[in-house]
Amino acid sequence: MKKVFILIFTIISFLQADYAWEKGLPWQHELEEAKQLANYHKKPIFMFLESRTCFYCPKLKEEIFTKAEFQEKIKKYFIPLILDNSLDADSDVENTGQCPPRLTVSMTPAIYFLGPNEEKLSRKGKKHMIIYGMWTLKQMLAWMDDSILKFEKLYGEKYEFKK
């Protein structure tokens with residue numbers, strides 16, 4: 001009986017851990033829907049591209065997306081969007097929409113910061129706002145702040161936030 005209880009507890013813990021990063025955040029799964037929400041709410045889009053074969057995608061979701069500081073900033077300043085980076089027609093990642101071919105990238109995880117019309121919000125010293133790989137919470141929050149400032153310049157929306 002004890003072994004059955006442990007097995008059930010382990011399965012439930014595993015299932016909850018898989019989706020802990022989703023809790024509390026209004027993740028979108030369709031680009032067009034996210035663009036409409038971004039336009040309506042006057043917010044930039046935080047687009048996360050993942051793939052089933054990516055080693056760092058689940059780590060990023062577990063180690064960064066579950067942190068209170070990240071979740072607070074996403075809720076307040078962004079429309080969060082999660083898409084599968086696969087080039088084929090069907091998504092191969094659960095709870096993920098399909099990324100349009102024009103936005104697919106060569107590696108994952110990848111994060112875009114976009115305006116409501118798919119404007120890529122640039123970061124300091126870089127030509128584009130695609131972030132590849134696994135990063136720290138501090139780095140992620142700094143890139144989020146940079147994209148908010150760029151969005152403010154483009155749209156004239158002012159957000160009060162502290163760096």
Side-chain angles (χ1 to χ4, degrees), residues 19-52 54-87 91 93-163:
Y19 300 105
W21 60 272
E22 275 188 311
K23 288 185 180 176
L25 292 179
W27 286 98
Q28 301 302 307
H29 304 285
E30 299 293 331
L31 178 60
E32 290 307 314
E33 217 172 278
K35 287 168 40 177
Q36 288 175 1
L37 287 169
N39 197 29
Y40 179 78
H41 292 289
K42 296 179 173 57
K43 292 181 177 182
I45 298 169
F46 175 94
M47 185 169 77
F48 175 65
L49 299 180
E50 67 175 337
S51 77
R52 180 180 52 192
C54 176
F55 175 78
Y56 287 105
C57 290
K59 284 182 69 75
L60 188 65
K61 289 193 282 189
E62 181 183 318
E63 294 177 18
I64 304 299
F65 293 2
T66 58
K67 300 295 185 212
E69 301 95 329
F70 175 85
Q71 291 194 355
E72 288 168 14
K73 191 160 283 206
I74 283 287
K75 284 179 191 175
K76 190 169 184 179
Y77 301 109
F78 293 92
I79 302 298
L81 171 66
I82 184 164
L83 298 174
D84 177 14
N85 191 54
S86 301
L87 293 175
S91 176
V93 181
E94 273 188 82
N95 298 325
T96 300
Q98 182 66 38
C99 184
R102 70 183 176 278
L103 295 173
T104 58
V105 292
S106 60
M107 61 189 324
T108 55
I111 294 170
Y112 277 106
F113 290 98
L114 300 170
N117 299 312
E118 293 187 32
E119 311 90 328
K120 294 176 185 160
L121 305 175
S122 61
R123 58 185 160 138
K124 287 183 180 179
K126 302 293 178 189
K127 294 180 182 174
H128 54 76
M129 192 53 169
I130 305 173
I131 300 168
Y132 295 104
M134 182 71 187
W135 301 97
T136 66
L137 177 62
K138 184 177 179 182
Q139 290 166 316
M140 187 67 66
L141 295 175
W143 286 321
M144 293 166 89
D145 289 345
D146 287 345
S147 69
I148 291 167
L149 292 174
K150 178 67 173 183
F151 183 81
E152 286 177 346
K153 287 179 185 176
L154 288 174
Y155 286 91
E157 296 296 324
K158 296 293 180 197
Y159 298 99
E160 293 188 24
F161 66 97
K162 295 181 180 179
K163 290 186 178 185

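Side chains included, hydrogens not; waters and symmetry mates left out as well; all remaining heavy atoms used.
- Scored by the side-chain hydrogen bond (donor to acceptor under 3.5 Å, both in side chains) test, E63 finds K59 as partners (sequence neighbours excluded).
- Between P44 and L121 the shortest heavy-atom distance is CB-CD1, 3.7 Å.
- Within the 4.5 Å cutoff, no side-chain heavy atoms of N117 are placed close to those of K35.
- Between F151 and P116 the shortest side-chain heavy-atom distance falls below 4.5 Å.
- Contacts classified as salt bridge (Lys or Arg N to Asp or Glu O under 4.0 Å) and involving residues 105-115 (residues at least two apart or in different chains) are not found.
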- Q71 and I74: CA distance, side-chain angles, deciding distance, side chain to side chain contact (heavy atoms under 4.5 Å, CB included) verdict: CA-CA 5 Å; Q71 291 194 355; I74 283 287; 5.7 Å; no
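- Distance CD/Q98 to NE2/H29: 13.5 Å, rounded to 0.5 Å.
- Shown here are the side chain to side chain contact (heavy atoms under 4.5 Å, CB included) partners of P58, two or more places apart in sequence or in another chain: there are none.
- Note: L60 CG to T66 OG1 = 10.0 Å, rounded to the nearest 0.5 Å.
- Rounded to the nearest 0.5 angstrom, M140 CE and L137 CG are separated by 8.5 Å.
- Checked options I45, L83, I82, L81; the residue passing with Q28 is L81 (criterion: side-chain contact (heavy atoms from CB on, under 4.5 Å)).
- For M107, the CE atom counts as loosely surrounded, since its 6.0 Å shell holds 12 or fewer non-hydrogen atoms of other residues, nucleotides or ligands.
- Side-chain contact between P109 and F48 is present, with at least one heavy-atom pair separated by less than 4.5 Å.
- From E118, atom CD reaches atom CG of L31 across 5.0 Å, with rounding to the nearest 0.5 Å.
- Ring centers of F78 and F113: under 6.0 Å apart, within the cut-off.
- Between E50 and N85 there is no side-chain heavy-atom pair separated by less than 4.5 Å.
- Annotation: side-chain hydrogen bond (donor to acceptor under 3.5 Å, both in side chains) contacts of K67 (sequence neighbours excluded): none.
- With sequence neighbours left out, F70 forms a ring-ring contact (aromatic ring centres under 6.0 Å, His included) with F46, F65.
- Under the 4.5 Å side-chain criterion, counting only non-hydrogen atoms from C-beta, N39 is not in contact with Q36.
- From E62, atom CD reaches atom SG of C57 across 13.0 Å, with rounding to the nearest 0.5 Å.
- In this structure, the side chain of K43 engages the main chain of K75 through a donor-acceptor pair within 3.5 Å.
- Atom CG of L114 is separated from atom CD1 of I79 by 12.0 Å, given to the nearest 0.5 angstrom.
- Here A110 pairs with L49, V105, I130, Y132 under the side chain to side chain contact (heavy atoms under 4.5 Å, CB included) rule; sequence neighbours left out.
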